[in-house]
J.: 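Can you keep this structure in mind? I'll have questions shortly.
Keep in mind it's a predicted model, so treat the numbers as computed, not measured.
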Amino acid sequence: MTALGRMVPAAALALLVLSFAAFWPDYLGRIRSADHYTHVHAALGLAWLFLLVAQPLLALARKYSLHRALGRVGTALGVAFLVASVLLTHYRASRMDAETFERFGHFLYLPLLMTAIFAGSLALALRWRRSPALHARYMTCTALALVDPVTARLLHFYGPELPADFMYQLPAFAIVAGMLLAMLRTLPPSIAGRGTFTAFAGTIWALLAFHFVTPYSGAWLRILDAFRNLPLT
């Protein structure tokens, strides 16, 4: 718990710093032209990263009352971030014409996948809030949903051009898979809830692997087409 508690705020702070470079070309550098869905999503994501920095530090300092109070605020913040993520994806998908959707609809698998990872992590963090080892791991997993948007943009805007689009996701997927494996291996075998975390990690590994197949299937595009036709945005 202590090692993880020290690692999480450092990782969240690193993500926060890298986010400025990652989102500068397509958002921060032209922020006035962005839509309000993007603004709300960005603001809530920024607040969540600050929460991930503060909460482990409060626990390490044994300021449990403040940790719990901030956790209650964090629950509302997490739900708001989830709603904002879904609405932003819907807004972008629903504004595509038929030709654009056919060409680029598969790219929407990732934001929905990351939203699902965040939702599952948050729900399980609340479910296991009385188990410090599991609660800390699930809270860490909420940050994993933010890894791909940052690393993929850094590669795209600042790295060499890669021969295939899917290669921009490989570093993020490797980080997420490695972090899950590390958290699973350091979780005591006898702890209650270990099976749940194992199943959760396995589900994420499978969904990451499906990224290379599912988004290009006709079934997925039909599901996404139904989603974008909902009257949400």
J.: Hey, mind stepping through Phe210 and Trp220 against side chain to side chain contact (heavy atoms under 4.5 Å, CB included) and telling me if it holds?
T.: CA-CA 11 Å; Phe210 290 161; Trp220 163 252; over 6 Å; no
J.: Are Leu207 and Ile223 connected in the hydrophobic side-chain network, where two residues link if heavy atoms are under 4.5 Å apart?
T.: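 Shared cluster, no.
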J.: Check whether any side-chain N or O of Thr142 sits under 3.5 Å from a backbone N or O of Tyr138 as a donor-acceptor pair, and report yes or no.
T.: no
J.: Could you go through Leu208 and Gln169, starting from their C-alpha distance and side-chain angles, then the distance that decides it, and tell me whether this counts as side chain to side chain contact (heavy atoms under 4.5 Å, CB included)?
T.: CA-CA 10 Å; Leu208 293 178; Gln169 269 64 56; over 6 Å; no
J.: Looking only at heavy atoms, what is the nearest atom pair of Ala54 and Leu70, with distance?
T.: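 Looking at all heavy atoms of both residues, the shortest contact is CB-CD2, 4.0 Å.
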J.: Hydrophobic clusters here meaning ILVMFWY residues chained together by side-chain heavy-atom distances under 4.5 Å, can you tell me if Tyr64 and Leu57 are in one?
T.: no
J.: Measuring from atom CG of Leu224 to atom NE2 of His106, what distance do you get when rounded to the nearest 0.5 angstrom?
T.: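 It comes to 11.5 Å.
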J.: Do Val17 and Phe50 share a hydrophobic cluster, counting only Ile, Leu, Val, Met, Phe, Trp and Tyr and linking them when any side-chain heavy atoms are less than 4.5 Å apart?
T.: no
J.: Does the His67 side chain pair with the main chain of Gln55, one donor and one acceptor, at a distance under 3.5 Å?
T.: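 Indeed, once roles are kept as given, a pair shorter than 3.5 Å links the two residues.
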J.: Hey, would you say the Tyr216 and Tyr109 ring centroids sit under 6.0 Å apart?
T.: no
J.: Could you tell me if the side chain of Phe227 sits less than 4.5 Å from the side chain of Thr89, heavy atoms only?
T.: yes
J.: Mind listing the closest non-hydrogen atom pair of Phe197 and Cys141 along with its distance?
T.: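 Residues Phe197 and Cys141, closest heavy atoms: CE1-SG, 4.2 Å.
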J.: Nearest heavy-atom pair of Trp205 and Leu181: which atoms, and what distance?
T.: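 Shortest heavy-atom contact: CZ2-N, 3.8 Å.
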J.: For atom OH of Tyr168, is the number of surrounding heavy atoms from other residues, nucleotides or ligands below 6.0 Å larger than 12?
T.: yes
J.: Would you say Leu44 and Phe20 are hydrophobically clustered, going by side-chain heavy atoms of ILVMFWY under 4.5 Å?
T.: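 Yes.
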J.: Quick check for you: to the nearest 0.5 Å, what is the distance between Leu46 atom CG and Leu146 atom CG?
T.: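 Here the interatomic distance stands at 10.5 Å.
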J.: Using a cut-off of 6.0 Å, state whether more than 12 heavy atoms not belonging to Trp24 lie near its atom CH2.
T.: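 No, because the 6.0 Å sphere around CH2 of Trp24 holds 12 heavy atoms or fewer from other groups.
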J.: Please round to the nearest 0.5 Å and tell me the distance separating atom CH2 of Trp48 and atom CG of Leu52.
T.: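 Rounded to the nearest 0.5 Å, the CH2-CG separation comes out at 6.0 Å.
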J.: Measure from the side-chain N and O atoms of His211 to the backbone N and O of Leu110, and report whether any donor-acceptor pair falls under 3.5 Å.
T.: no
J.: Mind telling me whether Phe107 and Phe104 have parallel, tilted or perpendicular rings, with 30° and 60° as the class edges?
T.: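 Parallel, since the angle between the ring planes stays under 30°.
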J.: Tell me, please, which residues at least two apart from Asp165 pass salt bridge (Lys or Arg N to Asp or Glu O under 4.0 Å).
T.: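 Salt bridge (Lys or Arg N to Asp or Glu O under 4.0 Å) check on Asp165 returns nothing, list empty.
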J.: For residues Leu221 and Gly105, report the shortest heavy-atom separation together with the two atoms involved.
T.: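 Minimum heavy-atom contact is CD2-C, 4.1 Å.
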J.: Taking atom types as modelled, find out whether Thr233 and Arg95 have a side-chain donor-acceptor pair closer than 3.5 angstrom.
T.: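 Present: a donor and an acceptor within the cut-off.
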J.: Counting distance only, does the side-chain N/O of Arg194 pair as donor-acceptor with the main-chain N or O of Ser190 below 3.5 Å?
T.: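 No, Arg194 side chain to Ser190 backbone: no donor-acceptor pair under 3.5 Å.
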J.: How long is the span from the CG atom in Leu162 to the NE2 atom in His156, to the nearest 0.5 Å?
T.: 10.5 Å
J.: What's the separation between atom CG in Leu180 and atom CE in Met183, rounded to the nearest 0.5 Å?
T.: 5.0 Å
J.: Is there side-chain contact between Met167 and Leu170, with heavy atoms separated by less than 4.5 Å?
T.: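 Heavy-atom side-chain distance check passes, below 4.5 Å.
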J.: Answer yes or no: is there a side-chain heavy-atom contact under 4.5 Å between Val40 and Leu88?
T.: no
J.: At what distance, to the nearest 0.5 angstrom, does NE2 of His41 lie from CG of Leu82?
T.: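 One gets 9.5 Å once the value is rounded to the nearest 0.5 Å.
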J.: Leu134 and Ala192: which non-hydrogen atoms are nearest, and at how many Å?
T.: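 In this case the closest contact between Leu134 and Ala192 is CD1-O, 3.1 Å.
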J.: Name each donor-acceptor pair under 3.5 Å that joins a side chain in residues 112-131 to protein atoms two or more places apart or in another chain, with its distance.
T.:
unit_1, atom_1, unit_2, atom_2, d
Thr115, OG1, Pro111, O, 2.8
Ser121, OG, Ile117, O, 2.7
Arg129, NH1, Leu126, O, 2.6

J.: Has Thr100 got a side-chain atom pairing as donor or acceptor with Met96's backbone, closer than 3.5 angstrom?
T.: no
J.: Check His90 against Leu230 and note the closest heavy-atom contact, atom names and distance.
T.: NE2-O, 2.7 Å
J.: Is there side-chain contact between Asp26 and Phe157, with heavy atoms separated by less than 4.5 Å?
T.: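 Heavy-atom side-chain distance check passes, below 4.5 Å.
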J.: Pro149: which residues meet the side-chain contact (heavy atoms from CB on, under 4.5 Å) condition with it, sequence neighbours left out?
T.: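 Pro149 satisfies side-chain contact (heavy atoms from CB on, under 4.5 Å) with Phe23, Arg153 only.
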